[in-house]
Amino acid sequence: MSGCVFCGIVAGKVPAFVVADEPDGVAFLDTRPVFKGHVLVVPRTHVDTLDTLPAELLPGYFRLVQRLIVAVESGLGAGGTFVAVNNKVSQSVPHLHTHVVPRTKGDGLRGFFWPRTRYADDAEAEDVARRIAAALA
């Protein structure tokens, strides 16, 4: 897609610190990492969000994400990873990308990046679960 920085990286027209360039996607260092070694994995095909990634591309794309999780941990000596996908809200580039962030015990990252809440009671939780299940059908 014209003007998409991630499409430019995939095409080799925008410089990036690429760690994987494969048929299922491209992975490169985030220019504003949460921690050093924070990798972004993008599909070669331009799609805005995860829900628009064609079903036939899902297995290869997420296999690449799995491999990057292992590579970040073993290559950097990380204790684990945080893996996330933003859809629309907080998505800084409108091209599907999966964050693979190296983690170590005591790194200071607590839970998610946003405040947590609680359901008022079980009835509220049941209502929310019912609404999501109905939309899924």
Side-chain angles (χ1 to χ4, degrees):
M1 171 179 249
S2 178
C4 173
V5 67
F6 289 171
C7 285
I9 291 170
V10 168
K13 295 179 180 176
V14 172
F17 295 99
V18 175
V19 298
D21 187 348
E22 302 181 0
D24 294 316
V26 176
F28 49 91
L29 295 182
D30 192 312
T31 58
R32 294 182 352 198
V34 174
F35 298 117
K36 292 175 183 174
H38 178 167
V39 173
L40 301 178
V41 185
V42 303
R44 297 189 82 74
T45 303
H46 182 89
V47 294
D48 289 347
T49 54
L50 183 57
D51 56 307
T52 60
L53 184 67
E56 63 273 10
L57 299 181
L58 281 166
Y61 179 72
F62 278 104
R63 179 63 188 130
L64 179 58
V65 172
Q66 276 185 318
R67 290 178 45 233
L68 263 297
I69 291 167
V70 172
V72 165
E73 289 178 11
S74 64
L76 301 177
T81 55
F82 176 78
V83 179
V85 175
N86 290 309
N87 273 315
K88 299 175 188 168
V89 175
S90 294
Q91 188 178 5
S92 57
V93 176
H95 182 128
L96 171 63
H97 55 286
T98 303
H99 298 260
V100 178
V101 180
R103 298 292 313 274
T104 57
K105 191 168 181 69
D107 62 16
L109 190 62
R110 303 240 183 259
F112 293 103
F113 303 121
W114 52 85
R116 298 292 188 100
T117 189
R118 295 185 183 276
Y119 294 102
D121 52 32
D122 287 350
E124 182 185 23
E126 287 172 6
D127 178 58
V128 170
R130 180 192 54 74
R131 289 169 41 207
I132 294 170
L136 188 60

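Computation of the quantities below employed the complete heavy-atom set of this structure, encompassing side-chain atoms and omitting hydrogens, waters and symmetry-equivalent molecules.
- With Arg130 contributing its side chain and Ala125 its backbone, the two residues share no donor-acceptor pair below 3.5 Å.
- Residues Phe62 and Val47 are members of one and the same hydrophobic cluster, defined by side-chain heavy-atom contacts under 4.5 angstrom among Ile, Leu, Val, Met, Phe, Trp and Tyr.
- Judged purely by atom type and a 3.5 angstrom limit, Glu73 has no side-chain atom pairing as donor or acceptor with the backbone of Leu68.
- Pro102 has its side chain out of reach of Asp107: every pair of non-hydrogen atoms, C-beta onward, lies at least 4.5 Å apart.
- For Gln91 (side chain) and Asn87 (main-chain N/O), no donor-acceptor pair under 3.5 Å exists by modelled atom type.
- Judged by distance alone, with hydrogens and angles left aside, the side-chain atoms of Ser74 form a donor-acceptor pair with the main-chain N or O of Val70 at under 3.5 Å.
- Tyr61 and Val18 are members of different hydrophobic clusters when ILVMFWY side chains are connected at heavy-atom separations under 4.5 Å.
- Clustering ILVMFWY residues whenever any of their side-chain heavy atoms sit less than 4.5 angstrom apart, transitively, puts Val83 in a cluster other than the one holding Val34.
- Note on Asp51 versus Lys88: no salt bridge recorded, every NZ/NE/NH1/NH2 to OD/OE distance being 4.0 Å or above.
- Atom OG1 in Thr98 sits 12.0 Å away from atom CD in Gln66 (nearest 0.5 Å).
- To the nearest 0.5 Å, the span separating NE2 on His38 from OG1 on Thr31 amounts to 9.5 Å.
- Smallest separation of non-hydrogen atoms from Arg44 and Val26: NH1-CG2, 3.1 Å.
- In terms of heavy-atom proximity, Ser90 sits nearest to Asn86 at O-ND2, 3.3 Å.
- Criterion: ILVMFWY side-chain heavy atoms under 4.5 Å apart, direct or through other members. Under it, Phe35 and Val100 are not part of a common hydrophobic cluster.
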After noting the C-alpha distance and the side-chain angles of Glu22 and Leu64, does the key distance pass the side chain to side chain contact (heavy atoms under 4.5 Å, CB included) rule?
CA-CA 9 Å; Glu22 302 181 0; Leu64 179 58; 3.5 Å; yes
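- Considering every non-hydrogen atom in both His46 and Pro94, the closest pair reads CE1-O, 3.2 Å.
- Taken together through direct or relayed side-chain contacts under 4.5 Å among Ile, Leu, Val, Met, Phe, Trp and Tyr, Val42 and Val5 form part of one hydrophobic cluster.
- Salt-bridge annotation for Glu126 and Arg131: absent, with no side-chain N of the basic residue lying under 4.0 Å from a carboxylate O of the acidic one.
- Distance CG/Leu96 to OG1/Thr52: 7.0 Å, rounded to 0.5 Å.
- Rounded to the nearest 0.5 Å, atoms OG1 (Thr81) and CZ (Arg103) are 9.0 Å apart.
- When all heavy atoms of Pro43 and His95 are compared, the pair lying nearest together is O-NE2, 3.1 Å.
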Go through the steps to decide whether Leu57 and Thr45 satisfy the test side chain to side chain contact (heavy atoms under 4.5 Å, CB included), and finish with yes or no.
CA-CA 9 Å; Leu57 299 181; Thr45 303; 4.1 Å; yes
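- Residues Ile9 and Ala16 share a closest heavy-atom pair of CG2-CB, 3.7 Å.
- Proximity of the aromatic rings of His99 and Phe82 is defined here by a centroid distance below 6.0 angstrom, and this criterion is not met.
- Residues Pro59 and Ala55 share a closest heavy-atom pair of CD-O, 3.4 Å.
- Results of the side chain to side chain contact (heavy atoms under 4.5 Å, CB included) test with Val19 over Val41, Val72, Val39 single out Val39 as the only residue that passes.
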